[in-house]
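Chain A is the first sequence line, chain B the second, and so forth, proteins listed ahead of strands; every chain is numbered from 1. The figures here come from the full heavy-atom set of this structure, side chains too, leaving out hydrogens, waters and symmetry mates.
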There are 4 protein chains.
Amino acid sequence: MPSTTAKTPDVSRRSERSRKAILRASMELVGEVGYTKLTIEAIAARAGVGKQTIYRWWPSKAAVLLDAFTEVVRSEDYQAGIPDTGDIEADLKTVLRATADEFSDAAFEAPYRALAVASAADAELAEQFVRRLQEPGLEVYIARLRAGQQAGQIDPDLDLRLATEVLLGPFQQRWLNRSGPLTHEFADRLVEMALRAFAPRA
Amino acid sequence: MPSTTAKTPDVSRRSERSRKAILRASMELVGEVGYTKLTIEAIAARAGVGKQTIYRWWPSKAAVLLDAFTEVVRSEDYQAGIPDTGDIEADLKTVLRATADEFSDAAFEAPYRALAVASAADAELAEQFVRRLQEPGLEVYIARLRAGQQAGQIDPDLDLRLATEVLLGPFQQRWLNRSGPLTHEFADRLVEMALRAFAPRA
Amino acid sequence: MPSTTAKTPDVSRRSERSRKAILRASMELVGEVGYTKLTIEAIAARAGVGKQTIYRWWPSKAAVLLDAFTEVVRSEDYQAGIPDTGDIEADLKTVLRATADEFSDAAFEAPYRALAVASAADAELAEQFVRRLQEPGLEVYIARLRAGQQAGQIDPDLDLRLATEVLLGPFQQRWLNRSGPLTHEFADRLVEMALRAFAPRA
Amino acid sequence: MPSTTAKTPDVSRRSERSRKAILRASMELVGEVGYTKLTIEAIAARAGVGKQTIYRWWPSKAAVLLDAFTEVVRSEDYQAGIPDTGDIEADLKTVLRATADEFSDAAFEAPYRALAVASAADAELAEQFVRRLQEPGLEVYIARLRAGQQAGQIDPDLDLRLATEVLLGPFQQRWLNRSGPLTHEFADRLVEMALRAFAPRA
DNA sequence: GTGTAAACGAGACGGTACGTCCTGTCTTTAT
DNA sequence: ATAAAGACAGGACGTACCGTCTCGTTTACAC
């Protein structure tokens, strides 16, 4: 029976108090100084924790931040899902407008961009970033689109996965590249164009 | 009046040999060690150049890399534009498939991702990145779509700018997030879905 | 009356097995890595003992080593005393030559030097070091010199304490400073010179 | 022609200001906190210097301290030599009493003990310590003893090197081990006993 | 041609943060 | 209650780079 203990620390002995303090300090600091100037030393100092306690449990500052952000966002969003008023265009616009607003809020934007950037640079982190933060978001879109299919508003043969990419890809691109403003106007136009692609074939 | 200009170096006395060596060393090193482990000191050492020579002419290592990459890519792509066989779907698929292949080539991918990442993190760099590397790419798409409009294959009222975002956003998203493979299959499906959105209204 | 004694651990419950393992590990390690690189953690690990068990019973790693060394040396030397053949010069040379050999043996030298060094740096340890390891050595010299006085070979008014310092001080100095080799030649010359000082006044 | 440059820093570019500040800070700090608690970081901070500047020029904190101490002591002592009033006993007592006083002065004692301890632990340092600080001291004794030989007060066949060890060894031993007080009384008795050993044979 | 001023290669500098190591304390579980 | 185990806060280690700052040494234009 393997149970490779080796040098992995004992999770049952982990200090919850320290864990919380570290995540909290990370979120505070990334807002104050930005991701590039965020240092493990500063996190440890702010959290009142030894550096080793961070290195023991996380492989990088990005991983810390991912945990911190996940903890905050957990189910806060996503859980509700996308409203279904029967009017899919209105519903998608509502949600995408809200998302645009969220991405315009610095408190949300700073750590989220930090994670997106770190993920783009680090494949291992990316896997976690996508799975823990992006996938859940896609799922609620897929659910709403599926309802749209049943309501006859969406092509029943549509590749829903690809559909969400068409809807959200342009959005993320604008945001990451800062190649344009994330206005309600933009959200509306994007939804309209996407829905033309999603519509049942004549 | 002396017009001191103080600290701006004299471009006419700039050493072309050093400039080339620096750009070359940057491209080599970013391929060997990756962007995060790329250091100014290593570039200077590899290029046989004093550090100050780099600091004199570039504000950051990302800026060096942007110059290096621009030099390589210069007009190599883009200049030709997108072929126009009359079949816009086939033409777009051809180009997007080629792009997918390009982004799968490590020699291209490493520095380009480095720049994309650095741009996502740094607004000032982003402006240059978008203007010098992304915009020219968009333009050729816009040109082809405009031709499609004239040929009656594309909705004449279509917002062509937004259209390119719908076409390329999902592509960039997959690539940056590594959320899926950049296959020809993907390129084809993406073009097909986009064209449904771009088609003239019934 | 409870006689709490609060924080002094209960000696009667002390694990003899752990004590032995710790002393043994200390001696081994000081030989392998030297005193400066000797760590409490390594001793604990080698001894298969918790760190706290060391901290509970010893105030410092030097104290551990002092115990370890004392245990080994205990009475092994000293007990026999210095031989008395009637020829004090020969007797002293014999002993000092033997001492020179002992100090040239790495197995003895490493821990003893470690203790001497630690003692020179730490007054509290020094007191113990001198009392438990050096004084017993001096006593046997004093005893032999006293016999020499009675035999009329040594000045009856000689300060025997100071005499041992004159005999052993130069020896220790050479050894500690490595300012010269501890040869039999050196031992002989030192004894001869000292005895000129110890001789009865004309 | 070898001249192994390799990675040795360029001495001609060395900052004299930094060198002085480092040596000064070392001496201050060793007095304030003692040798064991003396850290390179603290020296760098006090000197207003980067740590690398210390690591670049010295192999260890002991080496820094040796330089610092040497700079202070340089020729201050030793240069004058031992007075020669014709009465060698009085002269030696004068000097040894003065030395006893010096070793009782904390400002001198702290760094000197630090060096002695570090030297006892580190052979490489010891070589320098002996050569730069101890040998010059011995030389002045040898010179005075030689004068004594010419004056007929000292055995012309005496091994002067060994003689200085007999005189100073007991002194250093007492001091390092703290095995007794360094009083004028002690100095006098030691000189008297040594001179009995040094006297011309009857 | 020579003089002078900038750019250059080199690299020392004051710093910051890294990731590792060890200290001495504290907590948990087992004997 | 002591012990083994090991997580913890703290702090120094020695290293790697940062961006700035001299140093001489080219280099190229002005005279």
> Does dC8(F) have OP1 or OP2 sitting under 4.0 Å from an N or O in the side chain of W57(A)?
Replying inline: yes
> Is the ring centre of Y112(A) less than 6.0 Å from the ring centre of Y35(A)?
Replying inline: no
> Who passes side chain to side chain contact (heavy atoms under 4.5 Å, CB included) against R14(C), sequence neighbours left out?
Replying inline: R19(C), W57(C), W58(C)
>> Between P on dC23(F) and CD on E16(D), what's the gap in Å once rounded to a whole number?
In response: 14 Å
> Any chance CD of E32(D) has more than 12 other-residue heavy atoms, nucleotides or ligands included, within less than 6.0 Å?
Replying inline: yes
> Pick one: which of I43(A), I40(A), D67(A) meets side chain to side chain contact (heavy atoms under 4.5 Å, CB included) with I22(A)?
Replying inline: I43(A)
>> Suppose we screen for side chain to side chain donor-acceptor pair (under 3.5 Å). Which residues come up paired with T53(C), at least two apart in sequence or across chains?
In response: none
> To the nearest Å, how far apart are R19(C) CZ and dT2(F) P?
Replying inline: 17 Å
>> Generate the contact string for nucleotides 26-31 of chain F. Rules: B means base contact, S means sugar-phosphate contact only, - means no protein heavy atom under 4.0 Å.
In response: -BB---
> Who are the side chain to side chain contact (heavy atoms under 4.5 Å, CB included) partners of A126(D), not counting sequence neighbours?
Replying inline: R178(C), S119(D)
> Who pairs with R131(B) by side chain to side chain contact (heavy atoms under 4.5 Å, CB included), at least two apart in sequence or on another chain?
Replying inline: E127(B), Q128(B)
>> For R46(B), I'd like to know if atom CZ has over 12 heavy atoms of other residues, nucleotides or ligands within 6.0 Å.
In response: yes
> In the 5'-to-3' direction, what one-character label does each nucleotide of nucleotides 9-15 of chain F receive under the scheme B = base within less than 4.0 Å of a protein heavy atom, S = sugar-phosphate only, - = no such atom?
Replying inline: BB-BBBB
